[in-house]
Undergrad: 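First the structure, then my questions, so here it is.
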Amino acid sequence: MIAITSKDDEELKRAGAVIRAGGLVAFPTETVYGLGGNALDADASRRIYAAKGRPSDNPLIVHISDFSQVYMLAETVPETAKKLADAFWPGPLTMILPKSELVPETTTGGLFTVALRMPNHPAALGLIEQAGVPIAAPSANRSGRPSPTTAAHVYEDMNGKIPIILDGGEVEIGVESTIVDLTGEKPMVLRPGYISREMLQEVLGTGVELDPAIRIRPETVQAGGFATDAAAKPENRAASETCKSDSDATNKSPDGPAENEESDVKRTQNLRPRAPGMRYRHYAPKAPMILVQGPATAVTAYIQKQIEEHKDEKIGVLCSVQTAHAYPNACRVVVAGAFGDLAAVAHNLYADLRDFDEEDIDRIYAEDLGISEDANLKEALENRMMKAAGGHIVTVE
Ligand code: TXA
Ligand code: MG
């Protein structure tokens with residue numbers, strides 16, 4: 001791990017040379033850490049897929065440091081792309097455009113479009129400049145794990161697989177960039193992020209849609225690839241002594257989530273998310289997570305009841321500052337931020353999910369922390385929490 005403090009850091013030269021030579025370097029961005037390789041080199045992209053354990057039909061985002069590179073990488077550059085770049089680049093926005101011949105299909109997972117983003121972080125921009133090539137970079141986690149927001153998270157997932165991790169400290173935003181597809185008739189957000197649809201609409205002066213398929217709960221999606229929930233069920237784990245207050249550690253399956261789940265399989269059968277990565281179970285802590293939605297008092301009461309009823313299990317709770325005191329009997333309580341402070345919740349979310357792994361928790365109940373009057377980050381948090389929960393949602397009244 002190498003600490004980087006500025007865009008001119010000497011170490012960036014060495015890291016840039018590694019990328020140019022076909023190697024991989026993990027680096028910080030303002031959203032999450034990325035695992036970078038030369039975007040124009042099919043072998044480098046293959047190495048990225050291998051290091052992440054990622055299916056190779058899931059395309060990579062190509063990172064650039066100067067708008068002129070868009071003309072090199074995209075076949076056509078619409079006016080909308082220029083407007084959005086003016087407003088939001090460098091920043092947490094990825095645009096999908098038709099790809100040029102220069103971009104190998106291995107980088108784009110076989111698609112004829114390419115995802116482009118100019119990150120707003122001195123180490124990322126310095127690395128791209130030093131490499132002298134655009135950098136393909138997915139989030140630097142092992143496939144399916146929460147995205148890394150510190151260099152230590154990258155080390156956890158990538159130790160031994162890559163030669164260099166550039167350490168720029170904790171990231172600023174904490175959830176991945178907004179992805180907007182500009183290849184269709186209307187701009188469409190394929191993955192919500194810090195740049196909300198309202199912000200895009202304001203700049204473009206037109207409506208911006210949200211890919212309807214991303215609201216599907218992951219286990220109802222037909223495309224293969226995500227882990228089945230059976231593999232992650234608590235009956236496969238033994239409750240450890242530290243949190244057990246009941247010696248009767250029988251094998252119980254989570255009963256809550258199924259109860260109130262309406263089946264939306266039929267309604268969504270033909271909808272597939274247009275960003276391939278959104279089809280997979282994702283952002284997941286090791287223990288199954290159940291997202292509890294409803295009025296705050298009812299949510300707290302439901303989680304308290306679950307803790308009481310499952311004394312033989314190590315229960316974790318992801319909650320707000322305001323409700324943290326309500327779960328004295330939980331094995332681990334992780335406070336994500338104050339209710340309504342979505343920036344704080346987004347900033348902490350992935351580190352919080354990793355926190356539960358340290359304790360070897362059997363199951364996690366998460367309060368619905370994406371609720372706010374403020375539209376910014378709302379769709380992003382709804383999406384990430386639903387995916388972290390693998391679609392397990394309980395609605396209480
Ligand atoms: O904030 C971010 O975007 C971070 C940092 C490192 O820049 N990167 C990131 O990359 O989140 P990754 O690979 O974890 O997610 C990329 C997403 C995937 O869901 C992928 O399917 C989608 O972008 N994607 C990439 N190229 C695409 C394309 N041509 N069409 C549709 N979706 C695409
Ligand atoms: Mg990712």
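Order of appearance sets the numbers: ligands from 1, and atoms from 1 within every ligand.
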Undergrad: Any nitrogen or oxygen of K52, main chain or side chain, under 3.5 Å from a nitrogen or oxygen of ligand 1?
TA: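 In this structure, K52 places no N or O atom under 3.5 Å from an N or O of ligand 1.
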
Undergrad: Are I179 and L84 grouped together when hydrophobic residues (ILVMFWY) are joined by side-chain heavy atoms under 4.5 angstrom apart?
TA: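 I179 and L84: separate clusters.
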
Undergrad: Number the atoms of ligand 1 from 1 as they appear, then name those within less than 4.0 Å of a heavy atom of E176, with their elements.
TA: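 Every atom of ligand 1 under 4.0 Å from some heavy atom of E176: 1 (O), 2 (C), 11 (O).
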
Undergrad: Going by heavy-atom distance to atom 10 (O) of ligand 1, choose the closest among S143, P138, A275.
TA: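 When every heavy atom of S143, P138, A275 is considered, P138 comes closest to atom 10 (O) of ligand 1.
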
Undergrad: Can you sort out which atoms of ligand 1 are near L111, meaning under 4.0 Å from one of its heavy atoms?
TA: 28 (C), 29 (N), 30 (N)

Undergrad: I need the atoms of ligand 1 closer than 4.0 Å to a non-hydrogen atom of R191, numbered in the order shown.
TA: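 Near R191, the atoms of ligand 1 are 2 (C), 3 (O), 9 (C), 11 (O), 15 (O), 16 (C), 17 (C).
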
Undergrad: Is the closest side-chain donor-acceptor distance between S320 and T323 under 3.5 Å?
TA: yes

Undergrad: Which of the numbered atoms in ligand 1 are under 4.0 angstrom from any heavy atom belonging to H63?
TA: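 Going through ligand 1 atom by atom, the ones under 4.0 Å from H63 are 5 (C), 6 (C), 7 (O).
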
Undergrad: Examine Y33 against ligand 1 and note whether any of their N/O atoms are separated by less than 3.5 Å.
TA: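 Looking only at distances, the answer is no, because the N/O contact criterion of under 3.5 Å is not met.
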
Undergrad: For ligand 1, does M118 get within less than 4.0 Å through its side chain, its backbone, both, or neither, judged by non-hydrogen atoms?
TA: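 It is neither part, as no heavy atom is under 4.0 Å.
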
Undergrad: Determine whether the side chains of T178 and R197 contain a donor N or O and an acceptor N or O closer than 3.5 Å.
TA: no

Undergrad: What is the nearest protein non-hydrogen atom to atom 28 (C) of ligand 1, stated with its residue, atom name and distance?
TA: I96 CD1, 3.5 Å

Undergrad: Tell me if the CD atom of E397 is crowded by more than 12 foreign heavy atoms within 6.0 Å.
TA: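 It does not: E397 CD has 12 such atoms or fewer within range.
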
Undergrad: Looking at Y155, I want to see if its OH is surrounded by more than 12 non-hydrogen atoms of other residues, nucleotides or ligands under 6.0 Å.
TA: no

Undergrad: Confirm or rule out an N/O/S atom of S139, from backbone or side chain, lying less than 2.8 Å from the Mg ion (ligand 2).
TA: yes

Undergrad: Could you find the nearest protein heavy atom to atom 19 (O) of ligand 1 and give me its residue, atom name and distance?
TA: G277 CA, 3.1 Å

Undergrad: Looking only at protein heavy atoms, which one is nearest to atom 13 (O) of ligand 1, and how far off is it?
TA: R54 NH1, 2.7 Å

Undergrad: Do Y350 and E176 have a side chain donor and acceptor closer than 3.5 Å?
TA: yes

Undergrad: Hydrogens and angles aside, do T206 and Q201 bring a side-chain donor and acceptor to less than 3.5 Å of each other?
TA: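 Side-chain D/A pair, T206 to Q201: absent.
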
Undergrad: Tell me whether K82 at atom NZ has more than 12 heavy atoms from other residues, nucleotides or ligands lying less than 6.0 Å away.
TA: yes

Undergrad: Show me which atoms of ligand 1 lie under 4.0 Å from any heavy atom of G34.
TA: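 Under 4.0 Å from G34, ligand 1 has these atoms: 6 (C).
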
Undergrad: How far is atom 9 (C) of ligand 1 from its nearest protein heavy atom, and which residue and atom name does that atom have?
TA: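 Of the protein heavy atoms, S139 N, 3.7 Å lies nearest.
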
Undergrad: Report the nearest protein non-hydrogen atom to atom 24 (N) of ligand 1: residue, atom name, distance rounded to 0.1 Å.
TA: P59 CG, 3.6 Å

Undergrad: Going by atom types alone, do T183 and T113 pair a side-chain donor with an acceptor below 3.5 Å?
TA: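 There is no such pair (donor and acceptor under 3.5 Å, judged by atom type) between the side chains of T183 and T113.
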
Undergrad: Pull out every atom of ligand 1 sitting under 4.0 Å from any heavy atom of M278, numbered as shown with elements.
TA: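 Counting from 1, the qualifying ligand atoms are 19 (O).
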
Undergrad: Considering the heavy atoms of N58, write down every atom of ligand 1 situated less than 4.0 Å from one of them.
TA: 18 (C), 20 (C), 21 (O)

Undergrad: Regarding S177 and R191, is there a side-chain donor-to-acceptor distance under 3.5 Å anywhere?
TA: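 Side chains of S177 and R191: pair found under 3.5 Å.
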
Undergrad: Pairs of nitrogen or oxygen atoms closer than 3.5 Å, one from T29 and one from ligand 1: do any exist?
TA: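 There is no such contact.
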
Undergrad: So, the side chain of R354 versus the backbone of P146: is there a donor-acceptor pair under 3.5 Å, distance only?
TA: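 It does hold such a pair.
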
Undergrad: I'd like to know if V32 contacts ligand 1, where contact means a heavy-atom distance under 4.0 Å to any ligand atom.
TA: yes

Undergrad: Checking a contact table here: which protein heavy atom is nearest atom 3 (O) of ligand 1, and how many Å away?
TA: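 Protein heavy atom at minimum distance: S177 OG, 2.6 Å.
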
Undergrad: Please check if atom OH in Y194 has more than 12 non-hydrogen atoms from other residues, nucleotides or ligands closer than 6.0 Å.
TA: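 Result for OH/Y194: open.
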
Undergrad: Backbone, side chain, both or neither: what part of I179 comes under 4.0 angstrom of ligand 1, heavy atoms only?
TA: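 Under 4.0 Å from ligand 1, I179 contributes side-chain atoms alone.
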
Undergrad: What protein heavy atom lies closest to atom 29 (N) of ligand 1? Include the residue and the distance to one decimal.
TA: T113 OG1, 3.0 Å

Undergrad: Answer yes if the side chains of R47 and Y49 hold a donor-acceptor pair under 3.5 Å, and no otherwise.
TA: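 Checked: R47/Y49 side chains show no N/O donor-acceptor pair below 3.5 Å.
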
Undergrad: Closer than 4.0 Å to some heavy atom of A115 - which atoms of ligand 1 meet that?
TA: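 Listed by number with element, the hits are 25 (C), 26 (N), 27 (C).
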
Undergrad: CD of E105: more than 12 outside heavy atoms within 6.0 angstrom?
TA: yes

Undergrad: Under 3.5 Å, is there a donor on one side chain and an acceptor on the other for E170 and H347?
TA: yes

Undergrad: For ligand 1, is there an atom lying under 4.0 Å from some heavy atom of K99?
TA: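 Flag not set, K99 not near ligand 1.
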
Undergrad: Among protein heavy atoms, which lies nearest atom 31 (C) of ligand 1, and at what distance?
TA: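 Result for atom 31 (C) of ligand 1: R274 O, 3.6 Å.
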
